Novice: 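Quick one: this structure, given as structure tokens, is what I'll be asking you about.
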Amino acid sequence: MRWWQYRLVAAVAFVAAALATGAAVLRPPAPLRFGPGGRFKVALFADLHYGENAWTDWGPAQDAASDRVMATVLDAEKPDFVVYLGDLVTANNVPIPNATLYRDRAISASRRRGLPWSTVFGNHDDMPFEWPPEWFSPAGIPPVHCPPAASGCSFRGTPRIELMTAELNRDGADGLSRSMVGPQELWPGISNYVLQVLSHEERQDPALLMYFLDSGGGSYPEVISSAQVRWFHSQSHFLNPDGRIPEIIFWHIPSTSYVKVAPKSKTEICKPCVGSLNEEDVAPQEAEWGMMDALAKRSSVKAIFVGHNHGLDWCCPYEKLWLCFARHTGHGGYGDWPRGARIVEIAEKPFSVHSWIRMENRSTHSHITLS
């Protein structure tokens, strides 16, 4: 496929998504590109969980700590791109009409630094509000505890489509967000799309394809559907029919294949796996509908990156690719392990993927080459 065909595909997808959601239609944002040295660095922020217990002192303090973690990582690493790997907010803890208030804060560190980003949905991003038992008075009438920034409480989850549309309306059209609303036939899964990273050379050919998938949870089951598998087949065969272009994959909830390669929980992580945190069992998707088979059969697919399990940060080989967890980034969510972020640096020629964990204290560890 020639470079102009790739650009046309991206433009058509952008306009179609905007029309489907009512987002502003200007022009597709500038393409992503490898840097002059032929490298492209990505920071993964997983499980931020903004908005927890906003009616207490504890909740806002956790959000402020999450702000500091991301600022530390971005200032230390200076990535080219940021991936928000699901559970940006704990919507079941957010008693306001629109969880976009907290999602907007979650991506503000990238926005302030002028860094492009993309988002995928996790299982908490659009959950309906859960009434805290402690709200109920002895008379059985719960007091209303809205966070100060809220104009009122509606106690409903904000659907995925509304969350993504709000992001695109603010940052998508000629802006920093590279997120997209996927094809309507895949709804209620929304964050299904492909991004191309162009060569550092003057030609306009893609040198990397990044696939983003909605792994469900929250408003619908935790699955990647057979329809998404068919969509991936269609996209990959059209954009990369000969498998010449390397591909990496992002979604939130690990597949059942992660269970197969996982080190026994609470044991030392030994080679060929690499990592530092192995404090729980893998919590996989509810069902496997063939996506892993599709990925394992493509030699061009190099690695899959997920979040969801806060107590895991390892990478392990599976077939001819790598299965990796990010690091729990947000101070919201369960677990008291130190926070950090997975960094992924891709070299264009010769192609390689190097990854490590950058911690909130600025240290790094778990360096691994995923090739």
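As the structure is a prediction and not an experimental result, all values here were calculated from the model.
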Novice: Under a 3.5 Å threshold, yes or no: a donor from one side chain and an acceptor from the other, between Tyr84 and Glu167?
Specialist: no
Novice: From Leu213 CG over to Phe232 CZ, what is the distance, rounded to the nearest 0.5 angstrom?
Specialist: 8.0 Å
Novice: Checking side chain to side chain contact (heavy atoms under 4.5 Å, CB included) between Phe250 and each of Ile304, Val344, Val306, Leu44, which is the one that passes?
Specialist: Leu44
Novice: State, without any angle test, whether His308 and Asp87 hold a side-chain donor-acceptor pair at a distance under 3.5 Å.
Specialist: no
Novice: Does Val223 belong to the same Ile/Leu/Val/Met/Phe/Trp/Tyr cluster as Val229, with side-chain heavy atoms less than 4.5 Å apart forming each link?
Specialist: no
Novice: Identify which one of Arg298, Lys302, Gln235 satisfies the side-chain hydrogen bond (donor to acceptor under 3.5 Å, both in side chains) criterion when paired with Glu247.
Specialist: Arg298
Novice: Looking just at side-chain N and O atoms, do Tyr220 and Asp126 make a donor-acceptor pair shorter than 3.5 Å?
Specialist: no
Novice: Decide whether Ser215 and His252 meet the rule of one side-chain donor and one side-chain acceptor closer than 3.5 Å.
Specialist: no
Novice: Does one side chain, of Asp205 or Ser199, offer a donor that lies under 3.5 Å from an acceptor on the other?
Specialist: no
Novice: May I ask you to decide whether Asp80 forms a salt bridge with Arg33, counting only side-chain N to carboxylate O separations under 4.0 Å?
Specialist: no
Novice: Hey, are Tyr102 and Asn93 close enough side-chain-wise for a donor-acceptor pair under 3.5 Å?
Specialist: no
Novice: I need the Arg170 CZ to Ser177 OG distance, nearest 0.5 Å.
Specialist: 11.5 Å
Novice: Determine whether more than 12 heavy atoms belonging to other residues, nucleotides or ligands lie under 6.0 Å from atom CG of Asp57.
Specialist: no
Novice: Any chance you could measure Glu52, atom CD, to Asp63, atom CG, to the nearest 0.5 Å?
Specialist: 8.0 Å
Novice: Side chains of Met164 and Thr119: closer than 4.5 Å at any heavy-atom pair?
Specialist: yes
Novice: In terms of relative ring orientation, are Trp131 and Phe129 parallel, tilted or perpendicular, with 30° and 60° separating the classes?
Specialist: perpendicular
Novice: According to the disulfide (SG to SG under 2.5 Å) rule, which pairs have a member within residues 317-371, sequence neighbours left out?
Specialist: Cys315-Cys324
Novice: Please state whether the rings of His367 and His354 are parallel, tilted or perpendicular, taking 30° and 60° as the class boundaries.
Specialist: tilted
Novice: Check whether Trp58 and Leu48 end up in the same hydrophobic cluster, where Ile, Leu, Val, Met, Phe, Trp and Tyr are linked by side-chain heavy atoms less than 4.5 Å apart.
Specialist: no
Novice: Do the side chains of Ile357 and Val69 join up, straight or via other hydrophobic residues, at under 4.5 Å, putting them in one cluster?
Specialist: no
Novice: State, yes or no, whether a side-chain contact exists between Leu209 and Gln196 at a heavy-atom distance under 4.5 Å.
Specialist: yes
Novice: Give, for atom OG of Ser110 and atom CE of Met70, the distance between the pair rounded to the nearest 0.5 Å.
Specialist: 7.5 Å
Novice: Kindly compute the distance separating CD1 (Ile249) from CG (Leu323), expressed to the nearest 0.5 Å.
Specialist: 11.0 Å
Novice: Roughly how far, to the nearest 0.5 Å, is the NZ atom of Lys260 from the CD atom of Glu288?
Specialist: 7.5 Å
Novice: I'd like to know whether CH2 of Trp289 has more than 12 heavy-atom contacts from other residues, nucleotides or ligands below 6.0 angstrom.
Specialist: no
Novice: Any salt bridge between Arg68 and Glu360, counting N to O under 4.0 Å?
Specialist: no
